[in-house]
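Here is the structure we will look at.
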Amino acid sequence: MALTGATGFLGLRLLDELLRRHRSVTVLARGEPDHVLDRLTRGLGRFAAGHTAAGLAARIRVVPVRLTEDDLGLPGGAHRELADSLDVVWHCAGDTTLDGDPAVLRRVNVEGTRQVLGLAAAGRRLPAVFHISTAFVAGARRTGTVFEDELTDAYGFEGSYERSKYEAERLVHAWARETGRPAVVFRPSVLTTGLPPHPDLPEHPLLNIERALTEIGREHFGAGRRPELLLPGQRRFRLVGRPDGQLNLLPVERAAAVMARLAELPQGEGVQTYHVMHGRDTPVDVLRGLAERLTGVPVAIVPELTDPTPYESLTGCVGGVFRYLRQRRRYDDSRVRAALGPPGIPQDIGVDYLMAGLLPRAPDLPDPRPEGTDR
């Protein structure tokens, strides 16, 4: 079994779930194997009980690869030997920069996927393929229901990240047709955690909100100081969105557990796609409250902004997660529910939970552990 992206936010949790179910995992990662193993060991030690450094060293094999190079940067013999050793390939690696360089996103997310599929096709054991995509391949459609079998660019895309993941999914479908082999695509929603940040842990994606509301302002309004978000007489800082909007936010620990459980089930022919979702959407008002807590000023969600202040204009230009404040679409997860049943009592995604995952924990406080039940 091979896993890419094990050092990432989702990949590290997925590695933990796979180690709970399998004797060993081959991690495909960039860097010296000893350094990668040390990084994984320290990361798992922050949230996963039962792992020891010696035990992980015996169960994790690190193979240094370069995701975007032909044959993953491996010599021909090494590539074939690796391919022949695998019965399962998990592809979780990717660039998740929402406003990243389109060329970089395409190289990592599309061409990287092509190389991983090439590895799966080269193996004589015909490994199963599990590809981690994103619910945001649904593109710029902001209302209605997105179904698991849908894959279209008819609505356009909010940004280059979404397009790159859409193109990667198309590669998976083409690979399945050409090889006659099945594949599974997982589309998680926005992943979160209540575990405080730590140098040993991969970075929380929602930290981009904090950066967009602070660091960019410092760059434009004066280095070394927090920007004044409100002009004299301004009562609220305004973000463009739907006041009645909603997003699906899901604890990353739960997402990894759901994917690992689904992977244990018999899979059908072709490409099976699963929306890995929270059982309850999060109102945009929760993200408004999060922005208030991060900035310390009143924040309002408004449908449009015809007279933006200089800093409000900068926030609009940044895009990123702010563009999703305009959404009110829902994701059908019938296939997941049919396989695993209803999601049960979901973790409450509120401002306190989100803040816990964004701010360092005080030394005398215990680590908050995710609550609720798995699917």
Side-chain angles (χ1 to χ4, degrees), residues 2-5 8-11 14 28 67-68 72 88-98 100 102-121 127-142 144-191 205 248 250 255-256 258-259 262-263 267-277 324 327 329-336 339:
L3 169 66
T4 70
F9 184 66
L10 171 60
L14 190 54
L28 308 182
L67 188 67
T68 61
L72 300 174
V88 175
V89 175
W90 284 82
H91 182 37
C92 189
D95 187 334
T96 60
T97 308
L98 295 179
V104 174
L105 286 165
R106 195 174 194 287
R107 183 168 65 250
V108 175
N109 294 342
V110 182
E111 296 307 316
T113 297
R114 191 189 309 278
Q115 295 304 322
V116 172
L117 292 172
L119 176 70
V129 171
F130 298 97
H131 173 75
I132 311 300
S133 183
T134 172
F136 292 97
V137 296
R141 181 192 338 184
R142 293 174 178 168
T145 300
V146 182
F147 294 95
E148 290 166 303
D149 287 332
E150 287 186 79
L151 183 61
T152 177
D153 60 355
Y155 301 94
F157 297 95
E158 296 279 12
S160 300
Y161 168 70
E162 295 179 353
R163 179 177 292 279
S164 71
K165 297 299 285 186
Y166 162 79
E167 292 180 7
E169 271 201 43
R170 289 196 50 155
L171 281 183
V172 174
H173 281 263
W175 179 88
R177 289 193 302 270
E178 293 166 4
T179 63
R181 303 251 302 279
V184 174
V185 171
F186 295 116
R187 292 179 185 164
S189 58
V190 180
L191 298 180
N248 195 280
L250 178 69
V258 168
M259 293 178 193
L262 289 168
Q267 305 299 331
E269 297 180 354
V271 178
Q272 303 293 312
T273 303
Y274 296 96
H275 279 158
V276 181
M277 299 284 127
Y324 299 117
Q327 288 191 1
R329 67 189 183 199
R330 65 173 296 272
Y331 301 93
D332 176 73
D333 61 347
S334 298
R335 184 170 287 144
V336 178

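Bear in mind that the values here come from a model prediction, so they are computed numbers and not experimental data.
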Heavy atoms only: give me the nearest [X]-[Y] pair and the separation to one decimal.
X: P182; Y: W175; answer: O-CZ3, 3.7 Å
X: F186; Y: A263; answer: CZ-N, 4.4 Å
X: T68; Y: Q115; answer: C-CG, 4.4 Å
X: T152; Y: Y166; answer: C-CE1, 3.7 Å
X: R181; Y: P127; answer: NH2-O, 2.7 Å
X: S164; Y: V110; answer: O-CG2, 3.3 Å

Could you check whether any side-chain heavy atom of [X] comes within less than 4.5 Å of a side-chain heavy atom of [Y], counting everything from C-beta outward?
X: L67; Y: H91; result: yes
X: M259; Y: I132; result: yes
X: Y161; Y: N109; result: yes
X: L151; Y: R187; result: yes
X: V116; Y: T4; result: yes
X: T96; Y: F9; result: no

Would you say the side-chain atoms of [X] pair up with the backbone N or O of [Y], donor to acceptor, closer than 3.5 Å?
X: R329; Y: R141; value: yes
X: E148; Y: H275; value: yes
X: R335; Y: T273; value: yes

Exercise. Taking only residues two or more places apart in sequence or in another chain, which ones pass side chain to side chain contact (heavy atoms under 4.5 Å, CB included) with E162?
Worked result: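 Listed in chain order: F136, F157, E158, Y324.
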
Problem set entry | Residue pairs fulfilling salt bridge (Lys or Arg N to Asp or Glu O under 4.0 Å) with at least one residue in residues 111-120, sequence neighbours excluded |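 Every pair satisfying salt bridge (Lys or Arg N to Asp or Glu O under 4.0 Å) with a residue in residues 111-120: R106-E111, E111-R114.
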
Problem set entry | Contacts of F130 that satisfy ring pair (Phe, Tyr, Trp, His ring centres under 6.0 Å) - sequence neighbours left out |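 If we apply the ring pair (Phe, Tyr, Trp, His ring centres under 6.0 Å) test to F130, skipping adjacent residues, the hits are W90.
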
For this session: Check the pair L262, V184 against side-chain contact (heavy atoms from CB on, under 4.5 Å), reporting the backbone distance first and the verdict last.
Result: CA-CA 9 Å; L262 289 168; V184 174; over 6 Å; no

Problem set entry | R163 CZ to D153 CG distance, which is reported to the nearest 0.5 Å |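 Nearest 0.5 Å value for the CZ-CG distance: 6.5 Å.
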
